[in-house]
There are 2 protein chains.
Amino acid sequence: MANHGQGPHARVLESLGPAITAGAYPPGSVLRTDELEQRFQVSRTVVREVIRVLESMHLVSSRRRVGVTVLPPEEWNVYDPQVIRWRLAGPDRPRQLRSLTVLRSAVEPVAAGLAARRATPEQCAELTEHALGMVATSRGQQLDAYLLHDIAFHRVVLRASGNEMFARLGDVVAEVLTGRTRHQVMFTDPDPAAVTLHVQVAEAVRLHDAERAEALTREIATGAMAELDILAP
Amino acid sequence: MANHGQGPHARVLESLGPAITAGAYPPGSVLRTDELEQRFQVSRTVVREVIRVLESMHLVSSRRRVGVTVLPPEEWNVYDPQVIRWRLAGPDRPRQLRSLTVLRSAVEPVAAGLAARRATPEQCAELTEHALGMVATSRGQQLDAYLLHDIAFHRVVLRASGNEMFARLGDVVAEVLTGRTRHQVMFTDPDPAAVTLHVQVAEAVRLHDAERAEALTREIATGAMAELDILAP
DNA sequence: TGTGACCCAAACGTCATACTTAATCGCGTT
DNA sequence: AACGCGATTAAGTATGACGTTTGGGTCACA
């Protein structure tokens, strides 16, 4: 991703962030900087900068004379890609996957509708290409290749919507799709109905049929939610 | 909000953040830390911590031997409430308002549908209360009171959806609604049709009619988009 | 003239330390 | 029991030193 390759800062952040989002420190817990210095064997500088970053994510709140307080989950910036990644890697994974899938079910149909209005010919071509790629790889244990086309497809739709905020969800969708492949249906071929729907969405976008693109994408989303048992509980 | 009361850190951040999101530094611009030290008359400590925070928002990227590089807008964490606030306060305001309104149009109908399934009786009562409050304040220059009910209404819907990510959009919706009142229809009473729709949504949620709650909220969203001329361009 | 390796300096990254500030705790007074 | 005041504590800021990376310039050589 970024230049978070290695270094004390990244090491401490990648240790504290996941721990907090995993709930290792209950809300209200207090971390003292000098304690963290000793625990991670780093200087005050590093600890402070990490704290500042966690603070900007609203994971903690630093106050004088009291220490660094862990905030309750309702305060967290749950749209921060880093926070999303940490939560997907922890025990909150199922809950996080459901939240994200519901978000997808809301956003992607609207994005597809907008894409049908605004997609460039190049984007339409990309869409068709990836839809056909999904068809080609939908049988015979080619899940990895299929996944790449699936991710690319949704990324193009979100970008073609012309909405910057939708476009930024591309990474999130990629994480969700990857997570699903790696945990849910790892050994079974993709649902043929879903594959067909993707082809039809590409077609609808190409023909500038916004209504149809939106409705078809809504069907895809419904299928994704069904896979995670997100239904009348 | 947080303890961003005052202090060198907040001062520098609240100066650099808006400047960057306003496009004062074109993507690729380089800021040197010692230059910033002199410009703001603060120590390296403060500058470095600010840079770390901006980096976590993906507004800048700090690299050795080259400096702090301003990243292109596509890289920004546009869901960070701080970034949203900065952009709403800058020249990008119209574009940002449109993006957020489109996001609302995608999320809120789905949220309303979920709320109809999961809202507690207390939440239903709150909803009705605020809808009636909107009715009561919809005439005769009571825009401020109306706005408070409007914001509260949408916040309850988002929270009642039971989805943490939807719930976190409450603040964003509040900013959008406030912005609209303060700039678009400041001197005219709210659209009576919109008021009626809110009452009907509250009713649909109370009756657990998810389909109807979603459809009605979609109408509200369409109205909001029409106000901003987000239509077949 | 072009290309390659090599060296250097620039700017960030980290550490250590001293000092400042503000909020909490506890004591004593009213 | 309520209130106020000072001592204490931990974060906030400033500063100086050193390490590390890396972009670019120089020089030798083909």
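Not measured: the values here are computed from a predicted model.
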Asker: Rounded to whole angstroms, how far apart are CZ on B/Arg48 and C1' on C/dA11?
Answerer: 11 Å
Asker: Rounding to a whole Å, what distance do you find between A/Glu35:CD and D/dT9:P?
Answerer: 17 Å
Asker: Would you mind reading off the distance between B/Arg32 atom CZ and C/dG13 atom C1', rounded to a whole angstrom?
Answerer: 17 Å
Asker: Is there a side-chain contact between A/Thr45 and the phosphate of C/dA16, meaning an N or O under 4.0 Å from OP1 or OP2?
Answerer: no
Asker: In whole angstrom, what separates B/Glu55's CD from C/dA11's P?
Answerer: 18 Å
Asker: Could you work out which one of D/dA14, C/dC15, C/dC25 sits closest to the side chain of A/Arg65?
Answerer: C/dC25
Asker: Any side-chain N or O of B/Arg52 below 4.0 angstrom from OP1/OP2 of C/dT14?
Answerer: yes
Asker: Could I get the full list of side chain to side chain contact (heavy atoms under 4.5 Å, CB included) partners for A/Arg159, not counting sequence neighbours?
Answerer: A/Gln123, A/Arg155
Asker: Just checking, is any N or O donor in the side chain of A/Gln82 or A/Glu14 under 3.5 Å from an acceptor N or O on the other one?
Answerer: yes
Asker: Between A/Ser43 and B/Leu31, which has a closest nucleotide on DNA chain C that is more 5'?
Answerer: B/Leu31
Asker: Rounded to the Å, how far apart are A/Gln6 CD and C/dT14 C1'?
Answerer: 15 Å
Asker: For the residue pair B/Phe153 and B/His198, does the interplanar ring angle fall in the parallel (under 30°), tilted (30 to 60°) or perpendicular (over 60°) class?
Answerer: perpendicular
Asker: Do B/Ile151 and B/Val173 touch side chain to side chain, with heavy atoms closer than 4.5 Å?
Answerer: no
Asker: Using the 3.5 Å cut-off, write out each protein N or O paired with an N or O of nucleotides 17-20 of chain C and the distance between them.
Answerer:
{"from": "C/dA18", "atom 1": "N6", "to": "A/Arg44", "atom 2": "NH1", "distance (Å)": "3.3"}

Asker: Do A/Thr217 and A/Glu108 pass the side chain to side chain donor-acceptor pair (under 3.5 Å) test, and can you show the C-alpha distance, the side-chain angles, and the key distance before you say yes or no?
Answerer: CA-CA 7 Å; A/Thr217 305; A/Glu108 291 204 83; over 6 Å; no
Asker: Tell me the interatomic distance from B/Asp34, atom CG, to D/dA14, atom P, rounded to whole angstroms.
Answerer: 16 Å
Asker: Does B/Arg63 make a side-chain N or O approach to OP1 or OP2 of D/dG23 shorter than 4.0 Å?
Answerer: yes
Asker: Below 4.0 angstrom, N of the basic side chain to O of the carboxylate: do A/Asp150 and A/Arg180 qualify?
Answerer: yes
Asker: When you measure only distances, ignoring hydrogens and angles, does the side chain of A/Thr33 come within 3.5 Å of the base of D/dA11 through a donor and an acceptor?
Answerer: no
Asker: For A/Glu49 and D/dA11, what is the distance between atoms CD and P respectively, to the nearest whole Å?
Answerer: 16 Å
Asker: So does A/Asp34 pair up with A/Arg39, basic N to acidic O under 4.0 Å?
Answerer: no
Asker: Taking atom P of D/dT13 as reference, at what distance in whole Å does atom CD of B/Gln41 sit?
Answerer: 15 Å
